[in-house]
2 protein chains.
Amino acid sequence: MAEAAPRRHPTLDEVAERAGVSRSVASRALNNAPHVSRAKREAVERAVRQLGYVPNPTARALATRQTGAAALIVSGEDPSIFADPFFARVIVGASAALDEADLHLMLCLAASDRGRKRVEELLRSRGADGVMLMALREDDPLTRMADEAQMPVVFGGRPVGPAPRWYVDVDNVGGAREATEHLVSLGRRRVAVICGRLDTEAGRARYRGYRDAMLGAGLDPFPPLEGDFTERSGAAAMTALLAEHPDVDGVFAAKDNMAAGALRTVREAGRRVPADVAVVGFDDLTVARIADPPLTTVHQPVEALGREMARMLVALVNGQDPTPLVLPTRLTVRASA
Amino acid sequence: MAEAAPRRHPTLDEVAERAGVSRSVASRALNNAPHVSRAKREAVERAVRQLGYVPNPTARALATRQTGAAALIVSGEDPSIFADPFFARVIVGASAALDEADLHLMLCLAASDRGRKRVEELLRSRGADGVMLMALREDDPLTRMADEAQMPVVFGGRPVGPAPRWYVDVDNVGGAREATEHLVSLGRRRVAVICGRLDTEAGRARYRGYRDAMLGAGLDPFPPLEGDFTERSGAAAMTALLAEHPDVDGVFAAKDNMAAGALRTVREAGRRVPADVAVVGFDDLTVARIADPPLTTVHQPVEALGREMARMLVALVNGQDPTPLVLPTRLTVRASA
DNA sequence: GCTTCCAGTGGGAGCGCTCCCAAAGCGCAC
DNA sequence: GTGCGCTTTGGGAGCGCTCCCACTGGAAGC
């Protein structure tokens with residue numbers, strides 16, 4: 001290209017002029033719209049190539065009132081929640097689906113005051129065509145913001161309280177039930193639970209699943225022993241458990257991280273897994289395979305979760321009315337139980 | 001608010017009218033610009049409140065030629081590279097820094113053809129005010145795209161080849177050297193290495209650090225045994241290592257995941273860590289603490305990496321010319337060595 | 001008293017695109 | 001030859017904001 005390539009980007013007007021057509025025709029040609037003769041279409045394409053024209057997405061956004069972006073908003077108490085590899089996998093799935101719909105992904109960590117403030121601005125200003133919301137806690141300020149948002153909202157995992165209109169979730173109750181039933185089927189009778197945060201619906205649902213299974217087997221469910229989904233909290237919970245119930249022979253931990261922490265504690269206490277205490281986790285992320293022994297755990301389709309959230313959002317943006325989705329979980333048996 | 005709150009968002013014109021001022025004054029008041037009397041400023045603020053006005057970021061972007069967003073682009077061979085918790089931590093850091101500068105974070109996974117195509121569009125269309133680039137491989141197509149990008153580019157980790165103008169990296173060579181020296185100081189003499197991908201600068205630099213330390217100690221460095229930064233590849237490499245060099249007594253793995261894989265293999269081969277084989281990793285992410293035994297590893301300041309990348313980008317966007325940055329690493333001694 | 005200056009103000013021209021709509025061109029049935 | 005209906009075309013009015021600039025009037029300086 002021997003063009004003097006000015007620093008400025010060429011505009012559609014310049015393309016039109018060069019192609020000897022009007023701006024309207026050039027615009028139509030560019031968007032593959034009808035009502036453009038073959039000759040002019042080609043002339044426009046040629047001009048685009050010669051000028052190295054790239055449409056200005058901002059101008060297009062202003063004219064169409066569509067930003068071309070979707071936001072993934074992760075709530076939580078502090079930003080380190082995002083260190084959970086769970087979100088990374090959600091993003092892999094969501095990103096692929098958004099790519100297909102030619103939407104960009106904006107990522108907002110709403111786990112700080114500053115972050116929440118910016119999310120609120122985004123929601124109120126229509127800075128995206130729609131949003132996906134994750135990791136909401138009870139009475140999360142994001143719930144209200146989402147209600148007032150001037151754009152489609154898809155929830156990833158149901159929030160505590162009434163189910164929103166559009167969400168994608170995994171079968172937390174069923175997964176937890178299956179995990180617990182597995183422990184029972186192994187002959188364990190004193191099966192304890194290390195819950196996730198009970199101010200999240202996932203935490204509650206997994207406890208319900210555990211409880212259902214215990215009652216169904218005619219066993220006494222343990223009261224909820226709450227962790228915060230981290231390795232450290234799992235270890236701490238296990239320490240408390242061993243102190244209070246030295247005869248525990250099975251543990252369902254509502255998250256692999258916590259299960260790994262429990263494993264460590266059990267080991268340090270000189271007991272064997274699974275011989276003395278069998279442990280089942282929840283998630284089936286990398287840590288489950290790295291743990292020693294490798295974790296029996298409830299597999300949840302994390303990338304699919306992200307993908308389906310994104311697809312649901314795309315449907316909403318396109319004016320459709322998709323139905324909520326609950327994805328199945330399934331037990332993956334390894335060495336820990 | 002008893003306003004009939006029409007579906008449409010109020011515009012700045014309506015705010016101005018309601019406040020009894022011109023659009024210019026309203027604009028200035030909104031942006032805290034000078035040349036607005038106290039009375040009118042307050043009138044505008046009142047009108048904004050009454051109308052529930054929120055500025056339209058797209059219109060602002062078009063007028064100012066600033067999108068208000070920065071993109072983090074993650075390259076790689078396939079999208080699962082993003083499952084590495086490393087990136088999540090980078091994002092936590094970058095997000096905080098961008099929040100401070102009132103920039104939104106766009107996340108682009110360029111590890112698929114589709115993703116790369118969209119990144120190229122983004123780069124050419126000025127869809128962001130600047131970009132951060134990570135995980136580039138040798139001859140990565142993103143290198144060329146970045147060269148031609150019409151916006152500031154900050155590299156996270158140097159790419160293979162000549163160093164770019166602006167980057168933030170960690171001291172891979174120094175970290176690897178320290179890890180190896182630690183093994184040597186423990187009396188290990190047959191210290192092998194499980195490299196990261198050698199088509200990345202991080203992989204190469206960590207091998208160089210290992211090699212330097214071995215030569216410095218008068219020992220024979222092992223030839224590079226390449227993994228791909230995953231647990232599985234670490235395990236496979238360790239298997240090969242044990243077969244070929246049964247007398248190996250120390251291993252430096254260029255990534256915690258690979259170290260964890262090596263740990264598993266060593267254990268399965270009936271040897272003890274660290275008694276028979278001492279292992280040092282690199283990263284110091286969660287997996288290092290979960291591994292059994294907990295990993296001695298080179299800690300790298302991942303969130304700081306993200307934060308500094310974002311800050312550097314903000315500086316560039318503001319027309320400054322920051323200097324490249326190499327962040328220190330430090331050895332964290334745990335049980336595996 | 002007069003100029004000089006400057007904070008304060010509003011008009012208006014963009015930013016680069018989409019899209020409505022009126023007008024033009026053309027084939028075809030009558 | 002006329003009228004109808006179709007595709008094709010381009011003019012122009014936005015989308016909602018910023019920012020330049022010309023203008024006003026009162027305070028300060030001489």
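Below, each value reflects all heavy atoms present in this structure, side chains not excepted, and no hydrogens, waters or symmetry copies. In what follows, chains are A, B, ... by sequence order, proteins preceding strands, each numbered from 1.
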Any salt bridge between B:R41 and B:E45, counting N to O under 4.0 Å? no
With distance as the sole test, does A:Q150 use its side chain to make a donor-acceptor pair with the main-chain N or O of A:E148 at under 3.5 Å? yes
Would you mind reading off the distance between A:L30 atom CG and C:dC17 atom P, rounded to a whole angstrom? 8 Å
Spacing between B:Q150 atom CD and C:dG16 atom P, to the nearest angstrom: 14 Å
For B:S24, which contact category applies under a 4.0 Å heavy-atom criterion: base, sugar-phosphate, or nothing? base
Nearest-Å distance, CG (A:L12) to P (D:dG12)? 17 Å
Please state whether the phosphate of C:dT9, meaning OP1 or OP2, lies under 4.0 angstrom from any side-chain nitrogen or oxygen of B:S37. yes
Take A:D199 and A:R137 through the salt bridge (charged side-chain N to carboxylate O under 4.0 Å, His left out) test and state the conclusion after the steps. CA-CA 5 Å; A:D199 60 351; A:R137 293 156 303 151; 5.2 Å; no
Closest-nucleotide ordering on DNA chain D, the 5'-leading residue of A:V36 and B:T58: A:V36
Taking the side chain of A:H35 as its heavy atoms from C-beta onward, which of C:dT9, C:dC17, D:dT9 lies nearest to it? D:dT9
With a 4.0 Å cut-off on heavy atoms, is B:P55 in touch with a base, just the backbone sugar-phosphate, or nothing at all? sugar-phosphate
For atom CG of A:N56 and atom P of C:dG14, their distance in whole Å: 17 Å
Charged N-O contact under 4.0 Å between B:R144 and B:D139: no
Over how many whole Å does the gap from A:E17 atom CD to D:dG10 atom P extend? 13 Å
Any side-chain N or O of B:S22 below 4.0 angstrom from OP1/OP2 of C:dG11? no
Between A:D13 and B:V21, name the one whose nearest nucleotide on DNA chain C is closer to the 5' end. B:V21
Closest listed nucleotide, where the reference is the side chain of B:T11 and the choices are D:dG16, C:dG16, D:dA13: D:dG16
B:R126 CZ to C:dC17 P: how many Å, rounded? 14 Å
Side chain of B:V25, heavy atoms from C-beta onward: which of C:dT9, D:dT9, C:dG16 has the nearest atom to it? C:dT9
Upstream residue (5' side of DNA chain C) when A:N31 and B:R23 are each assigned their closest nucleotide: B:R23
Side chain of B:R28 - closest among C:dA13, C:dC17, C:dG10: C:dG10
With a 4.0 Å cut-off, would you call B:D102 and A:R114 a salt bridge? yes
A:R41 CZ - D:dT7 P separation (whole Å): 14 Å
Between C:dG14 (P) and B:R65 (CZ): distance, integer Å: 12 Å
Where the side chain of A:L62 is concerned, which of D:dC15, C:dC17, C:dG10 is the nearest nucleotide? D:dC15
